Amino acid sequence: MLSFFRRIIHSKVGYVVTFIVLGVIALAFAAGDISNLAGGSTGGLGGNDVATVGKQEITMADLRQRANDEVAAARQRNPQADIAGYLAAGQLDASLDRMISSYALADFGRQQGMIVSKRAVDGQIASIPGLQGPTGKFDENIYRRILVERKLTDAGIRRDIARDIVVQQLVAPTQGATQVPAQIVAPYASLMLERRAGEVAFVPMQAAASGAAPTPAELQTFYAANLQRYRVPERRTIRYALVTPDQVGARAVATPAEIAQAYQQNRAKYQPTEKRTITQVIVADRAGAEAIAAKVKAGTPLAAAARAAGLEASTQTSVEKAAYATQTGTAVADAVFAAPASSVVGPVRGSLGFTVARIESVQQVPGRTLAQVQDELAKEIGVRKSADALAQLHDTLDTALTGGSTFDEAVADAKIKPVTTPALTASATDPNDPLSKPDPALIPIVQAAFTAEDGDAPQLVQTGADGSFAVVAVGQITPAAPRPLAQVRDEVAAAFVADRTRQAARRIAADILAKANRGTPLAQAVRQAGPSLPAPRPIAGARTDLAKQQAGGADPALALLFGMAQGTTKMVEAPQGSGWIVVRLTGIQRGDASKNPAILAATRGQLGQMVGSEYIQQFARAARNQVGVKTNATALKRLRAELAGQGGSDN
């Protein structure tokens with residue numbers, strides 16, 4: 001339930017589906033202090049349960065929702081992602097395993113007496129960006145509306161958040177408590193210093209013949225075998241109406257009366273003031289303060305006199321009396337602001353001890369009249385009135401949508417202009433327009449539309465830090481599907497020829513590989529394969545070189561070199577499909593990290609992270625064994641078949 005609830009929550013920069021803790025922001029919804037973690041129904045393994053963890057059930061609906069959530073999250077990174085690929089990668093079983101571990105850890109925590117305060121759960125909910133209104137504060141009306149629309153319950157959401165908090169509290173100390181002994185670190189660290197040498201042959205794609213033009217039958221077969229290449233992701237037309245500060249501009253103009261009232265309410269702010277720059281030191285006893293004051297009055301800089309006494313002077317720059325008094329006390333402020341510039345004051349007893357101060361400078365700030373601050377006040381009032389007008393319009397639209405108004409009715413009543421987009425993907429592009437680029441202004445709107453399901457009520461989506469928002473509704477949904485062969489025939493033909501050429505080049509490389517592994521020198525094997533092929537080149541490097549390359553993409557030849565045995569030859573495809581690489585390992589120089597503390601420390605840290613993750617896995621396994629876990633293979637198989645039947649729509 002919680003994962004689905006989170007899936008529909010979005011922010012100005014997008015939404016996050018998979019996370020453990022939302023952050024703790026104190027907020028009390030109502031009286032009460034402790035949430036019980038014992039939630040979940042009791043009983044055995046039912047026909048619609050894919051698993052039971054202790055007395056808690058994981059139903060087919062729970063796992064179905066988790067699967068859809070994870071596919072939706074994957075689409076944010078790759079618009080081509082769909083439920084078919086999710087199932088093919090075995091992610092359904094992995095999701096169930098993660099859910100079981102989470103439930104088991106939470107149940108284990110409950111058995112140990114762990115509890116989560118209601119206030120902590122309230123803070124989690126309040127921190128979700130999508131539940132914040134135009135003012136940036138939590139809006140309970142939005143929260144309640146989403147619960148009703150999604151047929152969720154407040155109790156269920158709270159139970160799931162409490163479970164996540166307990167899991168985080170259990171695993172965080174476990175992961176951070178790892179220690180790896182030097183006897184284990186040293187061999188791994190030495191591997192990083194290992195050096196290897198070899199030679200590399202390259203078979204470019206141009207070395208192979210492309211062959212004749214493909215026949216219709218060959219095109220059809222290739223197209224059928226590579227449908228994913230020509231698949232267009234799910235597209236949605238989106239209806240939205242944008243509300244910005246400009247649209248309420250007429251209601252946000254400050255009147256002369258409002259400006260005058262604001263001036264009167266803040267009159268003290270515009271009165272003449274005096275600001276002083278003060279260097280001071282606070283001494284615990286009077287005798288010490290008098291000694292410092294005497295030195296300063298005799299010409300010693302206050303900072304130097306303070307340092308000689310083992311203290312540190314501080315400087316307050318352009319401070320007003322009221323602000324200074326809150327720091328030092330009224331008596332000190334009265335004395336300091338009564339003294340002339342360049343004079344020394346003190347010692348004067350303050351709130352923290354005896355103050356000795358030197359007046360570095362005095363600045364008289366003249367007051368400002370209403371006429372002088374009129375524009376400033378008008379702008380401040382305008383911003384406030386604009387925010388109020390946007391909030392009022394937001395509440396009006398929210399009430400209308402909650403009351404069952406359609407998109408057209410709500411937009412018409414609010415007198416805002418509706419817009420309908422072409423069929424867009426989740427990345428906000430139009431696949432039918434080769435020049436289509438994502439419009440940054442549409443990103444939060446498109447993200448919100450792709451979290452909704454067909455038939456859902458319109459939703460309000462924040463689009464800007466200035467309070468802008470949009471009414472968003474889903475129009476037509478076009479499921480993901482491959483383009484017809486007729487539309488992509490030229491593209492398929494080019495891919496067929498490229499693939500055939502790639503396989504031909506691979507055969508040449510495989511022939512070189514076979515000869516080299518039978519003892520033929522690599523250079524000779526290359527010459528026998530074809531006179532146009534480039535001669536092999538030497539290659540050498542250390543594992544540290546490989547590690548440095550990881551961020552930008554490691555050299556595949558160097559990476560392969562460190563995955564081979566002495567005297568062997570292997571091959572790998574070159575980047576961007578440019579050909580094939582054949583690598584022969586000719587020498588290995590072992591490393592010694594015993595005198596390299598930096599490598600040892602880095603390796604210890606990396607191993608510590610791995611060991612910490614292993615600790616958590618073992619901890620979760622132990623918790624599962626203690627609370628008891630049962631799985632229902634029949635229900636899981638039924639759910640897998642049901643999800644597979646969704647095809648590319650994922651709806």
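Residue numbers count from 1 along this sequence. As the structure is a prediction and not an experimental result, all values here were calculated from the model.
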Nearest 0.5 Å, what's the CD-CD distance between Gln111 and Gln626?
5.0 Å

Within a strict 4.5 Å, meaning less than it, do heavy atoms of the Asn632 and Asp49 side chains meet?
no

So, do Arg159 and Gln56 sit near enough that their side-chain heavy atoms are less than 4.5 Å apart?
no

Within-4.5 Å side-chain heavy-atom neighbours: Leu63 and Leu636
yes

Are a donor atom and an acceptor atom from the side chains of Tyr86 and Glu70 found within less than 3.5 Å of each other?
yes

Ser101-Arg98 side chain donor-acceptor pair, cut-off 3.5 Å
no

Please determine if Arg158 and Asp122 form a salt bridge, counting it only when a charged side-chain N lies under 4.0 Å from a carboxylate O.
yes

Sequence neighbours excluded - salt bridge (charged side-chain N to carboxylate O under 4.0 Å, His left out) pairs with any residue from residues 408-418
Arg239-Asp408

For Gln374, enumerate each residue passing the side-chain contact (heavy atoms from CB on, under 4.5 Å) test, keeping only those at least two apart in sequence or located in another chain.
Ile259

Is there a side-chain contact between Leu460 and Val471, using heavy atoms and a 4.5 Å cut-off?
yes

If the threshold is 4.0 Å, N to carboxylate O, is there a salt bridge linking Asp107 and Arg110?
yes

Applying side chain to side chain contact (heavy atoms under 4.5 Å, CB included), run through Ile416 and Leu397 and close with a yes or a no.
CA-CA 11 Å; Ile416 51 180; Leu397 285 164; 4.3 Å; yes

Thr631 and side-chain contact (heavy atoms from CB on, under 4.5 Å): which single residue from Val50, Ile100, Thr52 fits?
Ile100

Is any side-chain heavy atom of Arg66 closer than 4.5 Å to a side-chain heavy atom of Asp62?
no

Report yes if some heavy atom in the side chain of Tyr240 is under 4.5 Å from a heavy atom in the side chain of Val461; otherwise report no.
no

Would a 4.5 Å heavy-atom cut-off, applied to side chains only, mark Asp97 and Asp93 as touching?
no

State, with a plain yes or no, whether a side-chain heavy atom of Ile238 is found less than 4.5 Å away from one of Val446.
yes

Does atom CG (Asp375) have a neighbourhood of more than 12 heavy atoms from anything else shown, all under 6.0 Å?
no

